[in-house]
Amino acid sequence: RFVDGDLTVPVMSAAYMCQHGWAKGGPRNREGARTFSKEYPDMKGDFFTEMMRMSNQSAAHVDIMGNAELIYDLLKMAAGKSDDVHERIVSDAVRITDELHARLPKLE
């Protein structure tokens, strides 16, 4: 199951910056650093792990730092293997943010 963002920031707010602010040489990434977006599914654990905030597959705000897949991706990037981490977007974020971006005035 997927949630709208990390339960604190709506997915479209985060997605817009990822798709147009930082990526593609956008106005907030003038040097053109390589960026990509990856959505992590929020898979809830059982009652005990939920109460203790111990799910290793959570995508909720602070809990995401305990997400095993995210930690594995961060370790690969830190080891210089960022080419092994791939973009994954399962929501309509790209289509929606592209439509929004087309309607907004261009930043200088």
Side-chain angles (χ1 to χ4, degrees):
R1 124 182 167 230
F2 293 90
V3 298
D4 183 11
D6 68 356
L7 303 178
T8 61
V9 178
V11 71
M12 286 308 125
S13 294
Y16 184 81
M17 285 306 295
C18 292
Q19 294 299 313
H20 295 284
W22 299 310
K24 303 174 187 172
R28 303 296 177 251
N29 184 4
R30 295 193 190 280
E31 297 301 317
R34 180 179 172 260
T35 64
F36 61 92
S37 300
K38 186 167 186 178
E39 293 179 354
Y40 294 88
D42 185 32
M43 298 180 168
K44 300 293 184 191
D46 59 27
F47 178 76
F48 176 74
T49 58
E50 285 301 304
M51 294 305 294
M52 300 300 291
R53 298 180 69 167
M54 295 171 24
S55 175
N56 67 351
Q57 295 180 318
S58 176
H61 191 57
V62 175
D63 294 346
I64 191 137
M65 295 309 292
N67 183 296
E69 185 181 2
L70 172 69
I71 293 168
Y72 189 59
D73 287 344
L74 290 172
L75 288 172
K76 285 191 276 189
M77 289 186 281
K81 302 286 186 182
S82 58
D83 289 341
D84 292 344
V85 181
H86 304 285
E87 184 163 273
R88 178 179 64 208
I89 301 175
V90 296
S91 69
D92 278 339
V94 174
R95 180 187 60 77
I96 294 168
T97 59
D98 285 349
E99 289 175 8
L100 175 63
H101 188 70
R103 293 187 222 163
L104 293 175
K106 301 300 179 223
L107 295 174
E108 298 292 322

- Any ion pair linking D98 and R95 (charged N to carboxylate O, less than 4.0 Å)?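 Salt bridge flag = no for D98 with R95.
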- Task: For the residue pair H20 and H101, categorise the inter-ring angle as parallel (less than 30°), tilted (30 to 60°) or perpendicular (more than 60°).
- Result: parallel
- Query: Any donor-acceptor pair under 3.5 Å linking the side chain of D92 with the backbone of I96?
  - Reply: no
Atom [atom1] in [X], atom [atom2] in [Y]: separation rounded to 0.5 Å?
X   : Y   : atom1 : atom2 : answer
F36 : M77 : CZ    : CE    : 4.5 Å
E87 : C18 : CD    : SG    : 9.0 Å
K38 : L70 : NZ    : CG    : 8.5 Å

Could you tell me which non-hydrogen atom of [X] sits nearest to which non-hydrogen atom of [Y], and how far apart they are?
X    : Y   : result
M17  : R28 : CE-CG, 3.8 Å
S91  : E39 : OG-OE2, 2.6 Å
L104 : Y16 : CD1-OH, 3.4 Å
R34  : V85 : NH2-O, 3.9 Å

- Should we say atom NZ of K76 is surrounded by more than 12 heavy atoms from elsewhere, each under 6.0 Å from it?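 More than 12 heavy atoms, drawn from other residues, nucleotides or ligands, come within 6.0 Å of this atom.
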